[in-house]
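In each ligand, atom 1 is the first atom listed, and ligand 1 is the first ligand listed.
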Amino acid sequence: MKITVVGAGAVGATTADNIIRRELAEEVVLLDIKEGVSEGKSLDMYQTAALLGFNTRPVGSTNDYEKTKGSDVVVITSGLPRKPGMTREELIGINAGIVKGVTENILKYSPKAIIIVVSNPMDTMTYLALKESGINKKRLIGMGGALDSARFKTYLALAMDVSPLDIHGMVIGGHGDTTMIPLTRLATYNGIPVSRFLSPEQLEKVAADTMVGGATLTKLIGTSAWYAPGAATLLLVESIVRNQKRIVPCSVYLNGEYGQKDICMGVPVVLGRGGWEKVINLRLSDAEKAAFEKSAEAVRSMNGALTL
Ligand SMILES: NC(=O)c1ccc[n+]([C@@H]2O[C@H](COP(=O)([O-])OP(=O)(O)OC[C@H]3O[C@@H](n4cnc5c(N)ncnc54)[C@H](O)[C@@H]3O)[C@@H](O)[C@H]2O)c1
Ligand SMILES: O=C(O)C[C@H](O)C(=O)O
């Protein structure tokens, strides 16, 4: 098994570090355009092997795609992060060019790879990578819902003062401050609806905090987050590589599912060795359906800004 992570910045390096610690591959290639950075970070990571006890080999590459040859899974994190006050959508101009170029280069050397897109605005970048590459839709997966769901569970756990491990919940829709849909009605505390423990006002606050979860961290840190994004990306990679068939909300190409066509946005999918293997059809309430449609409209209008 060989895995490549493109972009050795905050999210890319954290993702690579998580992957090597879990020994999900023999080799993990970290590629960046900045001279020496991916080589330096890979060497730094490898020096933890003797301390932490793993055998995966991280390899750095300054924009040399030959080194990525034969990768089974590729994670694209290259691109600008937002600054406080910005939306993810404002990154489209620069990141579209980066994601397009990276996808082309990756597929030249790894034509069979499963590609996970992290760069923002993620739903539109996933759509762009799919349209430009023409690869099987099941091999292209956008990471957003895994992170948003982790934030949702964290805010629920904090409000209830319980362990996040006992909370189940999902966020679907677009990965944007106004487009994500925390499914409060379906969230549970080990199978018990969370509405038994929190008031409607408390649940509304949890949902609102979840939606601006990324913006809150960007304001605090000065750039966007990386620990939870790196862990959320690991969840996708691990389910694919180990064929775990986990259900994870991911941005995938919809062709009629959830009433949407020709769009990539977040829905629960089963992840295994084939990429996203099937969409899980939730029975949404009328209000949830309306929110999904509104979210799709916003994602579609962002996709309209692409020159395909
Ligand atoms: N989908 C999500 O849930 C999620 C979560 C966090 C961050 N993000 C997004 O991920 C991206 C990366 O965030 P970050 O915090 O790691 O940023 P960062 O600035 O720390 O790292 C980005 C890296 O990409 C590299 N890069 C730029 N162009 C490149 C190219 N053509 N080829 C290879 N590498 C290139 C840069 O040199 C830099 O090292 C941003 O777009 C951010 O918005 C998405
Ligand atoms: O908030 C951002 O811009 C980065 C990422 O999409 C996140 O949700 O952390």
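- With respect to atom 7 (C) of ligand 2, the closest heavy atom belonging to the protein is R151 NH1, 3.4 Å.
- Within the 4.5 Å cutoff, the side chain of I240 has heavy atoms near those of the R273 side chain.
- Under 4.0 Å from ligand 2, not a single heavy atom of M122 appears.
- Just one residue in the list V117, L140, N303 forms a side-chain contact (heavy atoms from CB on, under 4.5 Å) with Y127, and that residue is N303.
- At a heavy-atom cutoff of 4.0 Å, ligand 1 is contacted by no atom of T223, backbone or side chain.
- Ligand 2 has an N or O atom lying under 3.5 Å from an N or O atom of R88, backbone or side chain.
- Distances below 4.0 Å separate heavy atoms of R82 from the following atoms of ligand 2: 1 (O), 2 (C), 3 (O).
- With contacts defined as side-chain heavy-atom distances shorter than 4.5 Å, the pair V267/Q260 does not qualify.
- Of the heavy atoms in D148, none comes closer than 4.0 Å to ligand 2.
- Ligand-side atoms of ligand 2 in range of L147: 7 (C), 8 (O), 9 (O), range being under 4.0 angstrom from any heavy atom.
- Atoms CD1 and OG, from I141 and S239 in turn, are 9.0 Å apart once rounded to the nearest 0.5 Å.
- Within the 4.0 Å heavy-atom criterion, neither part of R88 lies near ligand 1.
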>> Applying salt bridge (Lys or Arg N to Asp or Glu O under 4.0 Å) to R88 and D177, what does each step give before you reach the verdict?
In response: CA-CA 8 Å; R88 297 174 181 87; D177 295 347; 2.8 Å; yes
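- Contacts with ligand 1 closer than 4.0 Å are made by side-chain heavy atoms of P229 only, the backbone lying farther away.
- Close approach of ligand 2 to H175 is summarised as follows: ligand atoms under 4.0 Å from at least one heavy atom of the residue are 5 (C), 6 (O), 7 (C), 8 (O).
- Proximity annotation for atom 41 (O) of ligand 1: of L80, I94, V5, D123, L80 comes nearest, heavy atoms only.
- Residues L236 and C250 have side chains in contact (heavy-atom distance under 4.5 Å, counting atoms from C-beta outward).
- For the pair D44/Y46, no side-chain contact is recorded, criterion being any heavy-atom separation below 4.5 Å from C-beta on.
- Regarding atom 22 (C) of ligand 1, its nearest protein heavy-atom neighbour is G79 O, 3.3 Å.
- Atom numbering of ligand 2 starts at 1 in the shown order; those under 4.0 Å from a heavy atom of S224 are 2 (C), 3 (O), 4 (C).
- The backbone N or O of A113 lies less than 3.5 Å from a partner atom in the side chain of R139, making a donor-acceptor pair.
- Only the side chain of N120 comes within 4.0 Å of ligand 2, judged by heavy-atom distances.
- Although no hydrogens or angles enter the test, the distance criterion places a donor-acceptor pair under 3.5 Å between the side chain of K2 and the main chain of K69.
- When non-hydrogen atoms are compared, ligand 2 lies under 4.0 Å from neither the backbone nor the side chain of M86.
- Comparing I33, N95, T233 by heavy-atom distance to atom 32 (N) of ligand 1, the nearest is I33.
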> What's the verdict on side-chain hydrogen bond (donor to acceptor under 3.5 Å, both in side chains) for T68 and T4, showing C-alpha distance, side-chain angles and the deciding distance?
Replying inline: CA-CA 6 Å; T68 69; T4 287; 4.8 Å; no
